[in-house]
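Letters go in sequence order (proteins before strands), and every chain restarts at 1.
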Number of protein chains: 2
Amino acid sequence: MAKPSFREQVLQAREDAIVASVNRLLAEKGFDLMTVDEVVADVGIAKASLYKHFDSKEALAAAAMVRVLDRALAELAQIRAQDLSPLDSLKAVARWTMRQQLAGEMPSLPAQNSSLRQALISDKAYMDRLMQLSDELGAWITAALAQGSLRSALPPELVLYTLFARACDPVLGMLRLSGQYSDEQIIELLLQTCFDGLAQPVANAKPRR
Amino acid sequence: MAKPSFREQVLQAREDAIVASVNRLLAEKGFDLMTVDEVVADVGIAKASLYKHFDSKEALAAAAMVRVLDRALAELAQIRAQDLSPLDSLKAVARWTMRQQLAGEMPSLPAQNSSLRQALISDKAYMDRLMQLSDELGAWITAALAQGSLRSALPPELVLYTLFARACDPVLGMLRLSGQYSDEQIIELLLQTCFDGLAQPVANAKPRR
DNA sequence: GTCTATACGCAGATAGAC
DNA sequence: GTCTATCTGCGTATAGAC
């Protein structure tokens with residue numbers, strides 16, 4: 001460990017290349033349709049070599065998710081440094097996740113896939129980051145609720161789940177397919193529907209039922 | 001056509017049983033995780049028999065989707081008979097689709113699965129119903145926009161896509177897992193976030209003319 | 001650690017008797 | 001049309017040489 005051997009750096013770089021490919025393929029096709037053969041073809045290594053770095057296909061996905069969560073946590077720090085209101089901070093996060101999705105950087109994992117899900121919740125690196133992310137978002141959410149900038153009738157976990165769900169909202173892709181809007185237009189439209197709703201608010205009445 | 005023989009009715013009933021099982025399994029596990037072996041085990045027939053009725057796994061999913069779309073079209077007729085406002089009609093549709101999802105009646109098909117998607121868009125029965133559904137919803141959407149009850153800045157197709165997307169919103173399942181809310185409470189919460197947004201509207205920034 | 005070659009299992013689909 | 005038994009391809013994972 002005296003010298004950070006050059007060889008180790010090369011290996012680390014290779015693992016990074018693998019995870020980058022996995023991330024892209026996960027965003028394109030999702031976990032089920034992504035095959036390990038595609039990954040090794042993309043990276044340009046043999047399949048057995050990949051399995052020297054990662055134990056399973058699920059471990060590949062977990063590594064990709066850790067990478068995304070790390071980037072998300074870094075983004076949260078950036079946003080916090082801007083000293084926005086809690087509500088605007090949440091909007092900034094949502095905007096960032098939508099940009100990630102449109103840029104093909106957001107892996108899409110089947111929500112209820114049991115094999116992958118088990119692997120993820122058993123992965124400490126993944127769960128730690130997920131918890132931290134939830135905590136930091138939760139702080140903004142409760143602060144926004146206290147300020148009255150989020151609807152007081154909404155439970156905090158509903159807001160949290162909704163933010164996570166909008167990070168992989170298929171409406172983004174559908175709107176892009178229509179070809180009529182720029183990526184930034186799409187993002188602003190979806191931000192508005194997420195935070196302000198589809199309906200035009202009426203002057204002095206709460207919506208009933 | 002001559003009278004439908006009793007034998008044909010039995011066969012039809014068997015196909016209905018198959019599609020019902022497929023529908024349930026699709027709602028539970030999604031297309032990828034549903035296996036044909038599970039379907040035949042659930043129905044209680046041999047696999048070769050199933051393939052006498054349906055050409056492929058994709059054809060099974062298409063039949064299930066046709067069934068769902070037919071139920072949706074029937075529901076639309078019900079709603080139209082109530083003579084609600086366009087906005088309330090759209091809300092009623094959203095409420096119905098959420099109920100279907102919580103009841104385990106809404107198949108979840110991976111949005112960008114190419115093999116299945118190709119099969120679906122090649123299926124005339126499916127596409128016909130999808131078009132009709134889109135048309136009928138589109139009429140309500142444009143009417144609501146004309147009345148000013150939907151945000152005028154929103155493109156009609158965004159509203160349509162959003163309604164489709166919310167029919168399989170994973171937030172429903174996440175909230176149910178928390179165990180704190182009844183199904184109807186969950187539906188009303190999500191209806192509100194969909195149509196009125198997460199944010200509390202500010203008091204006097206919404207002049208209505 | 002990297003490679004070629006291969007084992008293994010699973011899931012979709014079919015053959016052929018009845 | 002229904003069954004049992006089988007074929008086939010593919011995708012994950014591993015053996016063994018270098």
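- Of the charged side-chain nitrogens involved, at least one lies within less than 4.0 Å of a carboxylate oxygen, so that Asp169(A) and Arg166(B) count as a salt-bridged pair.
- Counting to the nearest Å, the P atom of dG11(D) and the CG atom of Leu33(B) are 16 Å from each other.
- By the 4.0 Å N-to-carboxylate-O rule, Glu105(A) lies too far from Arg24(A) to be salt-bridged with it.
- Look at CG on Asp37(B): it is 14 Å from P on dC3(D), rounded to the nearest Å.
- Of the candidates dC3(D), dG11(D), dT2(C), the closest approach to any side-chain atom of Ile45(B) belongs to dC3(D).
- Relative to the six-membered ring of Trp96(A), Arg71(A) misses at least one condition, a distance below 6.0 Å or an angle of at most 45° to the axis.
- Between Leu25(B) atom CG and dG12(C) atom P the separation is 12 Å, expressed in whole Å.
- Counting to the nearest Å, the C1' atom of dT12(D) and the CG atom of Asp32(B) are 16 Å from each other.
- Per the geometry, CG belonging to Leu116(B) stands 15 Å off C1' belonging to dG12(C), to the nearest Å.
- Checked by atom type and distance alone, the side chain of Arg176(B) never pairs as donor or acceptor with a backbone atom of Asp183(B) at under 3.5 Å.
- Listed by residue number, Ala48(B), Ser49(B), Lys52(B), His53(B) are the residues of residues 47-65 of chain B with a heavy-atom contact under 4.0 Å to DNA chain D.
- Separation of atoms CD (Gln192(B)) and CG (Leu198(B)) is listed at 9.5 Å; rounding is to 0.5 Å.
- Phosphate contact (OP1/OP2 of dT2(C), side-chain N/O of Arg14(A), threshold under 4.0 Å): present.
- Taking for each of Ala46(A) and Phe31(B) the nucleotide of DNA chain C with the nearest heavy atom, the 5'-most of the two is the partner of Ala46(A).
- Across the protein-nucleic acid pair, Lys29(A) atom NZ and dC10(D) atom P stand 13 Å apart, rounded to whole Å.
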Side chains of residues 44-55 of chain B: which donor-acceptor pairs under 3.5 Å do they make with residues two or more places apart or in other chains?
from	atom 1	to	atom 2	distance (Å)
Lys47(B)	NZ	Asp37(B)	OD1	3.3
Lys47(B)	NZ	Asp37(B)	OD2	3.4
His53(B)	ND1	Glu15(B)	OE2	2.9

